[in-house]
Structure formats: structure tokens, C-alpha cells
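One-based numbering along the sequence shown. Counting starts at 1 for both ligands and their atoms, in listed order.
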Amino acid sequence: MTRPTELALGNVLAERLRQEQLVKSGVIRWTCAEPDVDDHPKLAVLGEEFGEVARNLCERLTRSHTALCLCSECVAGLHDLREELVQVAAVAVAWIEALDARP
Ligand SMILES: [Mg+2]
């Protein structure tokens, strides 16, 4: 049985690999794992992903559903929240990789 931590980290790894594939396919020019990119644009990327987590929460707070609501709209919102959190973690991991690659 997969432990919750293993499941979450597996999702983060998959997202990291997806980010690198976006570079290879030319969709984006770099990821936060690129050691030659300055820290400031990386902070912007991480902030953008963090902002998407906040937007998800704000959108759900403005509805008249409770935090424990299991309607399809709320379940979809929780799925999206999880995806955004995985993206936040993957961007942080990429940035760590860049720091580790510095001499
Ligand atoms: Mg996102």
C-alpha cells in the first residue's frame, strides 16, 4: 500500500518531469531548475503558483457551500486545490535543484 507521503511525492515528481518536458517541447523556455536563471523570476513563478492556491480557496469561500460539502463542484475544487499544491511543491523542488547545481 502506498503511504500518503509517497503518493504526494510521486505526484510532485511527475509534475517536475512534466515541467522539463514543457521545456523540451518549447512550450516554456526554462524551469526553476535552471541554475543560470536568476532567483527573482523563480520567485515570480513560485508566487504565481502560490497565488493559484489562494484563488482556489477564495473561489470556494465565495460559494454558499460548507467546507465539508461533497457536491461535484466542491469535490472538483478540492481536486484542483491539490493539483495547485503539487505545482507549488514541484516549483520549489526545481529551485532546490538549481541551488544544488551551483558550485
Ligand atoms: Mg498552478
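For Glu84 and Arg55, the salt-bridge test fails: no basic side-chain N is under 4.0 Å from an acidic carboxylate O. Ion pair Lys24/Glu20 not flagged as a salt bridge, since none of the NZ, NE, NH1 or NH2 atoms sits closer than 4.0 Å to an Asp/Glu carboxylate oxygen.
Surrounding CZ of Arg29 are at most 12 heavy atoms belonging to other residues, nucleotides or ligands under 6.0 Å away.
Atoms CG and CZ, on Leu9 and Arg3 in that order, are 9.5 Å from each other to the nearest 0.5 Å. The CH2 atom of Trp95 sits 5.0 Å away from the CG atom of Leu43 when rounded to the nearest 0.5 Å.
For His79, there are no side-chain hydrogen bond (donor to acceptor under 3.5 Å, both in side chains) partners two or more places apart in sequence or in a different chain.
Ordered by chain and number, Glu49 OE1, Glu52 OE1, Glu84 OE1, Gln87 OE1 make up the set of protein N, O or S atoms under 2.8 Å of the Mg ion (ligand 1).
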